[in-house]
Chemist: 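The following block contains the structure, expressed as structure tokens.
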Amino acid sequence: MNGGPLIVQSDKTLLLEVDHPDAQACRMAIAPFAELERSPEHVHTYRLTPLGLWNSRAAGHDAESVVDALIKFSRYPVPHALLVDVAETMDRYGRLQLLNDPVHGLVLRGLDKIVLLEVSKSKKLAGMLGARLDDETIAVHGSERGRLKQALLKLGWPAEDLAGYVDGEAHSIDLAEDGWTLRSYQQEAVDGFWAGGSGVVVLPCGAGKTLVGAAAMATAKATTLILVTNTVAGRQWKRELIARTSLTEEEIGEYSGERKEIRPVTIATYQVLTSRRGGTFTHLDLFGARDWGLVIYDEVHLLPAPIFRFTADLQARRRLGLTATLVREDGREGDVFSLIGPKRYDAPWKDIEAQGWIAPAECVEVRVTLTEAERMTYAVTDSEERYKVAATARTKLPVVKALIDRHPDEQVLVIGGFLDQLHTLGEYLDAPIVEGSTTNKERERLFDAFRSGELRTLVLSKVGNFSIDLPEAAVAIQVSGTFGSRQEEAQRLGRVLRPKGDGRQAHFYTVVSRDTIDTEYAAHRQRFLAEQGYAYTIVDADDVLGPPLPQVD
DNA sequence: CAGCTAGAAA
DNA sequence: AGAAATTCTAGCTG
């Protein structure tokens with residue numbers, strides 16, 4: 001219509017022309033409700049999904065604002081049927097509400113009687129609903145609050161949960177007042193969460209998600225259960241809470257493989273909760289050990305399946321999910337939506353970078369050419385092993401070294417997915433390795449040495465995908481990854497995004513073998529970051545290695 | 001009680 | 001669609 005950057009197609013894909021002058025504004029406008037699917041050089045593909053639309057609906061956007069954005073940036077007339085579909089899909093959220101009735105307890109109310117009638121006939125809801133109280137109200141078994149929301153989402157009628165929460169056991173928690181305040185986006189995130197009751201806050205790694213958690217605790221002023229991915233991450237939470245809140249060492253317990261403390265604020269690992277013996281979960285008591293007023297899920301994109309089940313029974317407690325990437329590789333975003341809650345806040349990474357709260361980062365994909373012999377091996381390897389062969393090619397070694405040498409004054413993390421490759425690298429670079437078998441004690445020692453500057457280079461296995469706080473790292477070099485995991489890429493970039501004291505830039509290199517599936521996987525991993533506005537420059541390994549040394553024979 | 005190892009789970 | 005890696009428990013040792 002007006003030469004805009006966006007082509008809206010009736011199959012619900014949106015094509016964004018990247019080089020168009022309005023592309024950036026358009027990206028900002030559609031990001032709240034559309035999911036990026038592909039991001040090659042010139043045209044990015046987004047998709048409209050029901051979940052994306054419902055998340056933006058829950059965040060207070062109405063169908064009109066979505067329709068306006070599509071029409072405003074569209075190059076051609078937007079298919080009418082698609083606009084109708086957007087409006088209808090968004091309108092499905094909240095037509096059913098879960099409420100707390102003073103007489104009947106938990107009830108499902110239909111703002112639309114027909115919808116209520118329709119879902120009440122569904123076999124999927126059998127056993128969850130009780131007596132029909134009137135035209136627009138049906139009693140709900142209190143214990144089924146979570147499972148009912150899951151089922152309704154699957155039926156396409158996600159309920160708005162207004163049934164409220166128990167306060168839990170009160171516990172005095174305040175933010176410490178010595179010379180710092182929450183950043184504006186952190187405050188907005190906490191306000192959004194609290195107003196919504198429960199849900200997910202999406203912020204980049206390094207943007208201070210722990211402080212959002214601390215502020216939520218200071219708002220709830222109640223006993224809190226914090227679930228984290230591993231023990232070291234848990235200790236970082238503890239350290240941060242002691243520094244930034246009125247909580248003392250004695251008030252915070254660690255519930256991990258090593259210790260089983262239950263205190264007013266308890267930090268537990270997902271693994272310990274999901275561990276079982278003889279088919280029964282052994283540590284479930286933790287959920288009932290106290291009258292928790294708030295449950296915080298760190299790295300909610302990694303939440304293991306059993307935790308979803310327990311969470312279904314925790315619907316009367318306030319739940320805060322924290323993550324940098326809401327995308328899950330297992331497609332269970334719907335369960336996060338119905339059981340933890342809708343997305344309550346997110347901010348584009350580039351916005352927070354523009355405010356100076358995370359370091360600007362340059363992303364470079366370095367392509368190496370395999371040697372004749374490596375190409376031969378690759379060619380004769382069957383498909384299952386191929387990725388490993390391509391990703392762990394020895395040709396990458398000197399390239400990694402050259403990249404490190406390009407930043408002589410920076411601390412460097414080398415991150416990969418295959419242990420033997422990492423051991424080779426560790427020897428080659430004379431750098432220590434942190435992997436799964438590294439004891440927590442040793443990890444903390446190495447991380448401390450790195451933080452203090454004593455150690456310049458550290459090699460990390462998949463443990464580096466999880467929250468590790470290493471503020472000094474300014475350069476990360478990725479040598480291999482898992483499949484094409486988008487969240488992994490984001491976590492790894494996140495390792496270098498903590499703002500540097502003097503505003504230095506961060507560098508993220510990904511070293512990839514040319515003409516192999518290594519290249520494809522790398523492209524897949526980069527998708528999420530492309531959505532956040534990070535563009536990769538592709539360079540040849542020879543440009544990194546510099547001119548070849550003269551041959552001496 | 002710290003440190004190590006094997007074995008299970010997802 | 002599959003393989004690798006991680007993290008837990010439990011049992012042993014000095």
Side-chain angles (χ1 to χ4, degrees), chain A residues 226-237 254-261 266-286 297-311 328-332 335-336 378 381-393 413-426 433-447 458-468 478-489 491-492 495 516-518 520-522 524-525:
Chain A
I226 302 170
L227 306 179
V228 298
T229 51
N230 61 47
T231 310
V232 175
R235 300 209 178 130
Q236 275 162 200
W237 267 89
E254 172 182 324
Y255 198 95
S256 66
E258 291 176 38
R259 276 175 237 168
K260 303 282 182 292
E261 303 159 349
T266 299
I267 304 172
T269 57
Y270 288 130
Q271 254 76 15
V272 82
L273 284 171
T274 53
S275 74
R276 56 185 106 181
R277 216 169 358 153
T280 54
F281 294 95
T282 42
H283 290 286
L284 279 189
D285 301 348
L286 183 61
Y297 301 80
D298 194 19
E299 315 278 9
V300 78
H301 58 283
L302 297 171
L303 202 73
I307 302 279
F308 280 120
R309 264 178 282 151
F310 314 146
T311 300
R328 290 180 64 100
E329 309 298 336
D330 64 0
R332 295 194 66 168
D335 288 328
V336 175
Y378 181 77
T381 309
D382 46 313
S383 54
E384 288 126 45
E385 290 274 312
R386 277 193 151 184
Y387 175 63
K388 187 170 179 178
V389 169
T392 60
L413 297 173
V414 179
I415 314 179
F418 296 98
L419 291 180
D420 32 4
Q421 178 186 33
L422 296 176
H423 285 278
T424 314
L425 267 163
I433 304 165
V434 176
E435 57 180 290
S437 60
T438 312
T439 58
N440 284 331
K441 205 174 159 193
E442 180 69 356
R443 287 181 197 200
E444 297 201 38
R445 190 183 71 77
L446 288 169
F447 290 158
L458 193 58
V459 180
L460 291 176
S461 73
K462 271 171 80 167
V463 296
N465 295 0
F466 306 126
S467 37
I468 295 173
Q478 175 174 240
V479 291
S480 53
T482 320
F483 172 50
S485 168
R486 290 166 286 173
Q487 54 95 356
E488 180 175 87
E489 188 93 347
Q491 294 296 323
R492 289 174 170 182
R495 300 282 73 85
T516 69
I517 46 170
D518 197 14
E520 280 170 48
Y521 283 7
H524 189 269
R525 287 199 301 265

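Throughout, protein chains are lettered first and strands after them, A, B, ... in sequence-line order, and every chain is numbered starting at 1.
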Chemist: Assign Tyr270(A) to base, sugar-phosphate, or nothing according to its heavy-atom contacts below 4.0 angstrom with the strands shown.
Modeler: nothing
Chemist: Are Gln491(A) and Asn465(A) close enough that a side-chain donor and a side-chain acceptor fall under 3.5 Å?
Modeler: no
Chemist: Measure the OG-CD1 distance between Ser461(A) and Ile415(A) for me, rounded to the nearest 0.5 Å.
Modeler: 10.0 Å
Chemist: Atom NZ of residue position Lys441(A) - does it have more than 12 heavy atoms of other residues, nucleotides or ligands inside 6.0 Å?
Modeler: no
Chemist: From CD1 of Ile415(A) over to C1' of dA4(C), roughly how many Å is that when rounded to an integer?
Modeler: 17 Å
Chemist: So which nucleotide does dC4(B) pair with, by the Watson-Crick or G-U wobble rule with both distances under 3.5 Å?
Modeler: dG11(C)
Chemist: Using whole Å, what does the distance between atom C1' of nucleotide dA5(C) and atom OH of Tyr387(A) come to?
Modeler: 13 Å
Chemist: Do the side chains of Glu435(A) and Val463(A) get nearer than 4.5 Å, heavy atoms only?
Modeler: no
Chemist: Using distance alone, with no hydrogens and no angle criterion, decide if Glu299(A) and Thr229(A) have a side-chain donor and acceptor under 3.5 Å apart.
Modeler: no
Chemist: Could you tell me the Watson-Crick or G-U partner of dT6(C), where both distances fall under 3.5 Å? Say none if there is no partner.
Modeler: dA9(B)
Chemist: Which sits closer to the 5' end of DNA chain C, Glu384(A) or Gly417(A), going by the nucleotide each is nearest to?
Modeler: Glu384(A)
Chemist: What is the separation between atom CG on Leu422(A) and atom P on dA4(C), rounded to the nearest whole Å?
Modeler: 14 Å
Chemist: For every nucleotide of nucleotides 6-14 of chain C, 5' to 3': is a protein heavy atom under 4.0 Å from its base (B), only from its sugar-phosphate (S), or from neither (-)?
Modeler: SSSSS----
Chemist: Return yes if a side-chain donor-acceptor contact under 3.5 Å exists between Thr311(A) and Tyr297(A), otherwise no.
Modeler: yes
Chemist: First and last nucleotide of DNA chain B touching chain A, 5' to 3', heavy-atom cut-off 4.0 Å?
Modeler: dG3(B) to dA10(B)
Chemist: Please find the pair of heavy atoms, one from Gln421(A) and one from Ala391(A), that lie closest to each other, and give the distance.
Modeler: NE2-O, 2.9 Å
Chemist: Using whole Å, report how far NE2 of His524(A) lies from C1' of dA1(C).
Modeler: 13 Å
Chemist: What is the ring orientation for Tyr387(A) with Tyr521(A), classed by angle as parallel under 30°, tilted 30 to 60°, or perpendicular over 60°?
Modeler: tilted
Chemist: Taking atom types as modelled, is there a side-chain donor on Thr269(A) or Gln271(A) under 3.5 Å from an acceptor on the other?
Modeler: no
